[in-house]
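Comments concern the structure below.
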Number of protein chains: 2
Amino acid sequence: MKTTRNTVAKTAVLEIFGKSKTALSHAEIQKQTGDLCDRVTIYRILERLVNDDIVHKIVNLDGTVKYAKCHHHAQRVHIHNHAHFSCEKCLEITCLENVKPSYIIPHNYKVNDINFTLSGLCPNCLNSNI
Amino acid sequence: MKTTRNTVAKTAVLEIFGKSKTALSHAEIQKQTGDLCDRVTIYRILERLVNDDIVHKIVNLDGTVKYAKCHHHAQRVHIHNHAHFSCEKCLEITCLENVKPSYIIPHNYKVNDINFTLSGLCPNCLNSNI
DNA sequence: AATATTATCGCAACAATGTTGCAATTAAAA
DNA sequence: TTTTAATTGCAACATTGTTGCGATAATATT
Ligand SMILES: [Zn+2]
Ligand SMILES: [Zn+2]
Ligand SMILES: [Zn+2]
Ligand SMILES: [Zn+2]
């Protein structure tokens with residue numbers, strides 16, 4: 001029954017997530033923490049936060065991995081079935097909490113998790129594009 | 001107007017795709033080609049095949065990248081909007097050509113590409129699990 | 001068939017990202 | 001305060017992917 005501890009590094013990472021409107025990569029988090037802790041420590045903190053359902057992992061079309069805070073706790077089954085939008089211009093990735101795909105899949109598949117990522121131009125970049 | 005060439009390496013890679021029922025990673029392709037060509041060459045062949053809409057790239061939840069042959073040519077716009085299934089047990093990734101997600105996204109987003117990956121247990125592993 | 005063009009390749013070198021083992025540290029329980 | 005073990009730092013390694021450039025070879029041209 002592993003207990004979880006509040007370390008300075010973990011607290012700092014959580015604070016960074018709290019201030020960010022978009023998903024963050026390991027590199028971005030490391031940049032913001034400066035030399036507070038080791039590179040590996042951030043990897044391990046992210047791993048724990050994902051396991052504890054505090055943040056979720058997002059894999060983009062180009063293979064980049066980002067993390068975002070979960071805004072949907074207190075559910076029996078914790079599934080991230082909302083869409084993510086990846087802007088090709090500003091490269092930001094945001095959660096679209098209200099966009100959820102519907103689909104029909106053959107009954108002989110058992111689905112445990114889904115990943116639904118849309119890429120294109122976000123509202124900001126769409127405007128500045130005109 | 002760059003012309004494309006049929007090299008032995010490219011032919012071998014295409015033949016491997018032809019024989020495979022599932023999506024293939026760079027490492028898997030390299031294993032099957034043996035020492036026919038360099039590692040980098042396979043990367044470049046895959047890059048060209050993707051650009052020519054002969055194969056499409058699939059990014060999995062765990063970050064692994066695979067490629068699968070396109071079975072839907074002769075369309076004006078070549079979009080891979082079908083779902084992909086990633087089996088957590090046998091680790092195989094397959095195209096579900098007939099499974100396409102429907103969704104509603106705010107009008108101020110411009111969607112150019114989508115990635116819809118389901119993970120869980122494939123029919124094979126679901127059966128052998130009982 | 002011989003030659004010219006250039007797409008493709010091999011190789012070396014590099015970069016980014018992620019993992020593992022282990023001793024040292026430190027948050028939290030006793 | 002002492003004890004426990006979760007967490008960290010560091011070094012070392014693995015994987016994946018990219019780039020530059022001279023050499024090779026597929027295709028077009030003569
Ligand atoms: Zn944008
Ligand atoms: Zn999200
Ligand atoms: Zn399976
Ligand atoms: Zn596919």
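Note that the coordinates shown come from a computational prediction; the quantities given were computed from them, not determined experimentally.
- Computed from coordinates, the A:Arg48 CZ to C:dT19 P distance equals 14 Å when rounded to whole Å.
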Please list every donor-acceptor pair under 3.5 Å in which a side-chain atom of residues 99-108 of chain B meets a protein atom from a residue at least two apart or in another chain.
from, atom 1, to, atom 2, distance (Å)
B:Ser102, OG, A:Ser102, O, 3.4
B:Ser102, OG, A:Ser102, OG, 2.7

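- Counting only residues at least two apart or in different chains, side-chain hydrogen bond (donor to acceptor under 3.5 Å, both in side chains) contacts with residues 7-23 of chain B comprise B:Thr4-B:Lys10.
- The distance between atom NZ of B:Lys10 and atom C1' of C:dG10, rounded to the nearest whole Å, is 19 Å.
- Rounded to whole angstrom, the span from the CG atom of A:Leu46 across to the C1' atom of D:dT8 amounts to 15 Å.
- Within the 4.5 Å cutoff, the side chain of B:His26 has heavy atoms near those of the B:Ile42 side chain.
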Might you list the N or O atoms of the protein lying below 3.5 Å from N or O atoms in nucleotides 10-16 of chain D, with each pair's distance?
from, atom 1, to, atom 2, distance (Å)
D:dC10, N4, A:Arg44, NH2, 3.4

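- For A:Thr64, the side-chain hydrogen bond (donor to acceptor under 3.5 Å, both in side chains) partners at least two apart in sequence or on another chain are A:Asp62.
- In this structure, the helix from C:dA1-D:dT30 to C:dA30-D:dT1 shows an angle of 30° between the axis at its start and the axis at its end, each fitted on 5 base pairs and rounded to 10°.
- By the side-chain hydrogen bond (donor to acceptor under 3.5 Å, both in side chains) test, B:Thr117 pairs with B:Asn115, sequence neighbours left out.
- Across the protein-nucleic acid pair, A:Ile42 atom CD1 and C:dG18 atom C1' stand 13 Å apart, rounded to whole Å.
- When the C1' atom of D:dT7 is taken as reference, atom CG of A:Leu49 falls 13 Å away, rounded to whole Å.
- With sequence neighbours excluded, no residue satisfies side-chain hydrogen bond (donor to acceptor under 3.5 Å, both in side chains) with B:Thr94.
- Every residue was checked against the ring-ring contact (aromatic ring centres under 6.0 Å, His included) condition with A:Tyr67, not counting sequence neighbours, and none meets it.
- Applying the salt bridge (charged side-chain N to carboxylate O under 4.0 Å, His left out) criterion to B:Glu47, with sequence neighbours excluded, gives no partner residue.
- Atom CD1 of A:Ile45 and atom C1' of D:dA6 are 12 Å apart (whole Å).
- One can place CG of A:Asp62 at 15 Å from P of C:dA16, the figure rounded to the nearest angstrom.
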Restricting both atoms to N or O, compile the protein contacts to nucleotides 27-30 of chain C shorter than 3.5 Å, with distance only.
from, atom 1, to, atom 2, distance (Å)
C:dA27, N3, A:Arg5, NH1, 3.1
C:dA27, N3, A:Arg5, NH2, 3.2
C:dA28, OP1, A:Asn6, N, 3.0

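- Residue A:Leu14 contributes atom CG, which lies 12 Å from atom P of D:dT7 at whole-angstrom precision.
- Residues B:His71 and B:His82 keep their aromatic ring centres 6.0 Å or farther apart.
- Here B:Leu36 lies in heavy-atom contact (under 4.0 Å) with sugar-phosphate atoms only.
- With sequence neighbours excluded, no residue forms a salt bridge (charged side-chain N to carboxylate O under 4.0 Å, His left out) with B:Glu88.
- Sorted pairs that involve residues 31-45 of chain B and meet side-chain hydrogen bond (donor to acceptor under 3.5 Å, both in side chains), not counting sequence neighbours, are lacking altogether.
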